[in-house]
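Letters A, B, ... are given to chains in the order of the sequence lines, protein chains preceding strands, and every chain is numbered from 1. When reading the values below, keep in mind they use all heavy atoms of this one structure, side chains included, and skip hydrogens, waters and symmetry mates.
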2 protein chains.
Amino acid sequence: MSLRHAILGIVSARPMTGYELIRTFANSVAYTWAAGQAQIYPELHKMEHEGFLTAQAASRGASEKRVYSITAAGGEELRRWVEATTRYPAERDVARLRATYLELAPATSRTFFEQHLAHYTALLEKLELRRLSVEQRSGPLLQARLATRPAAEHAAIIAFKAHGVAGQIERTKAEIAWAQAGIELVDRLAAG
Amino acid sequence: MSLRHAILGIVSARPMTGYELIRTFANSVAYTWAAGQAQIYPELHKMEHEGFLTAQAASRGASEKRVYSITAAGGEELRRWVEATTRYPAERDVARLRATYLELAPATSRTFFEQHLAHYTALLEKLELRRLSVEQRSGPLLQARLATRPAAEHAAIIAFKAHGVAGQIERTKAEIAWAQAGIELVDRLAAG
DNA sequence: GGAAGCATGTAAAAGGTTACATGATTGC
DNA sequence: GCAATCATGTAACCTTTTACATGCTTCC
């Protein structure tokens, strides 16, 4: 149940609407914890109901929008969750499972690794940009977060976020290397 | 929906009972596609109903057990799935999400990385054993699989399975390196 | 006037986890 | 006789995905 903690983490930087939150999930957070709008709106309601968020109605022409802020209880819950022990989820890796049975598909085995390579190459590019934006402290959400915290904490905030992205980058590079080695393997097997 | 393909992959090596399948999921397959018994038994019934598996009742003293075999349609479905394009699932990484907010938990941030290290070190050990067992073609299930396929295919079967495990090992090593760098980071921040 | 983006939701289905529940067999 | 292992299942719940649904606002 980390969706709510991902939400708390974002809203702890600054108050925002559900829509803004959804866009944030589609961008920066997407590489760590993906969530779609069908999950986010109901969760916001639940979290408001449980006292982790408060919503203020803001006018938007004729209609209204709801701006969510984190409450003291919400901040407490986020901290409690960060301090708790990680429960590592069971491994579930479709690509690797398919790769295990690639002898059944000699015609498409090379394509499999080419697509794996393409997928993670594209991801790597986005992650490198993200790393830059964290290290340079550009990115409006990070700036908003820093503005709420004392300057003495800034180094740690940046360091942990950059370290997180760095970990994703290394994992992604491992996938790229695996795909490249896979292509070589397929060619070697084809050569006989 | 890869559970059924994981099942088809295992049963394609040799017929077995649900219980044996569950044990296989708890061991070798666990690192690629985890599944518990509450998922497996109902899925077996569904797959039998849909014609991907057939069950023969075998006696077991007073009671009976059901031995599942893969059908032609099941083999075809497995091949079709291996040939199909991978749909990469959305990223969802609890540990990395927590790491992002570690500035909120200065007291436990070192422990977080220590546990990450311990978790992946233990996993690495199991994966290294698994790699050995694949490369040496020990492991009764792999031997059963090889026995069903012509000798000319054996090299490819072993190569793809070993390559899969090698990929998991590299990913795991990346996590270990990340945890070690995290510990150093925490110590550096604490030293000021 | 129309397109892009802002904004908020729901319903149904699929997939996965946790806990409960039962009984036979094998080996000590 | 008892413990471990073999063997099979169900129920409730939680999480996630896919698809549907609606309407306002801003900019061109």
Indicate whether the side chain of B:Arg145 and that of B:Ser12 have a donor and an acceptor atom separated by less than 3.5 Å.
->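 B:Ser12 and B:Arg145 do have a side-chain donor-acceptor pair below 3.5 Å.
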Polar contact flag, side-chain donor to acceptor under 3.5 angstrom, A:Gln56-A:Ser69 |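 Per modelled atom types, A:Gln56 and A:Ser69 side chains form a pair under 3.5 Å.
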Which residue lies more 5' along DNA chain D, comparing A:Ala34 with B:Lys65 via nearest heavy atoms |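 By nearest-heavy-atom nucleotide position, the 5'-most residue is B:Lys65.
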Judged by atom type as modelled, is there a donor-acceptor pair below 3.5 Å linking the side chain of B:Glu50 to the main-chain atoms of B:Met47?
->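 Pair absent, no side-chain N/O of B:Glu50 close to backbone of B:Met47.
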Might you list the N or O atoms of the protein lying below 3.5 Å from N or O atoms in nucleotides 10-13 of chain D, with each pair's distance?
none

Using whole Å, report how far CG of B:Leu53 lies from P of D:dT8.
->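 After rounding, the gap between these two atoms is 13 Å.
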Interatomic distance, B:Glu48 CD vs D:dT8 C1' [rounded to whole Å] =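 It is 14 Å, rounded to the nearest whole Å.
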Terminal contacting nucleotides, 5' and 3', DNA chain C versus chain A (heavy atom, 4.0 Å) =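 Contact span on the strand: C:dG5 to C:dT18.
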For DNA chain D, find the residues of residues 4-30 of chain A with a heavy-atom distance under 4.0 Å and give them by number; none if there aren't any.
->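 Residues of residues 4-30 of chain A under 4.0 Å from DNA chain D: none.
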Could you identify which residues of residues 84-100 of chain B place a heavy atom less than 4.0 Å from some atom of DNA chain D, listed by residue number, or say none?
->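 Under 4.0 Å from DNA chain D: B:Arg87, B:Arg92.
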Do A:Ile157 and A:Phe160 share a hydrophobic cluster, counting only Ile, Leu, Val, Met, Phe, Trp and Tyr and linking them when any side-chain heavy atoms are less than 4.5 Å apart?
->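 Unlinked, A:Ile157 and A:Phe160 end up in two clusters.
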Would you say that [X] contacts [Y] through its side chain, given a criterion of any heavy-atom pair below 4.5 Å between the two side chains?
{"X": "B:Phe25", "Y": "B:Ile10", "answer": "yes"}
{"X": "B:Phe52", "Y": "B:Leu78", "answer": "no"}
{"X": "B:Ile169", "Y": "B:Glu128", "answer": "yes"}

Identify the heavy atoms of B:Leu142 and B:Arg137 that sit nearest to each other, and give their distance.
->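 It is CD2-CA, 4.1 Å.
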What is the minimum heavy-atom distance between A:Leu97 and B:Ala6, and which atoms define it?
->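 Taking A:Leu97 first and B:Ala6 second, the nearest heavy atoms are CD2-CB, 3.9 Å.
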Hey, what's the ring geometry for A:His5 with A:Trp81, parallel, tilted or perpendicular (30° and 60° as the breaks)?
->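 Ring orientation, 0 to 90° scale: parallel.
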For B:Arg60, report the nucleic acid contact type (base, sugar-phosphate, nothing); a contact means any heavy atom under 4.0 Å.
->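 Contact class for B:Arg60: base.
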More than 12 heavy atoms of other groups within 6.0 Å of B:Glu125 CD =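 No, CD of B:Glu125 has 12 or fewer neighbouring heavy atoms, counting only those of other groups under 6.0 Å.
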Please tabulate, one pair per line, all N/O donor-acceptor pairs under 3.5 Å involving side-chain atoms of residues 102-111 of chain A, not counting sequence neighbours.
residue	atom	partner	partner atom	Å
A:Glu103	OE1	B:Lys161	NZ	3.0
A:Glu103	OE2	B:Lys161	NZ	3.0
A:Ser109	OG	A:Pro106	O	3.2
A:Arg110	NE	A:Asp187	OD1	2.9
A:Arg110	NH1	A:Glu114	OE2	2.4
A:Arg110	NH2	A:Asp187	OD2	3.0

Donor-acceptor pairs under 3.5 Å, side chain of residues 174-186 of chain B to any protein atom, not counting sequence neighbours: which ones?
residue	atom	partner	partner atom	Å
B:Glu175	OE1	B:Arg96	NH1	3.3
B:Glu175	OE1	B:His116	NE2	2.7
B:Glu175	OE2	B:Arg96	NH2	2.7
B:Trp178	NE1	A:His163	O	2.7
B:Trp178	NE1	A:His163	NE2	3.2

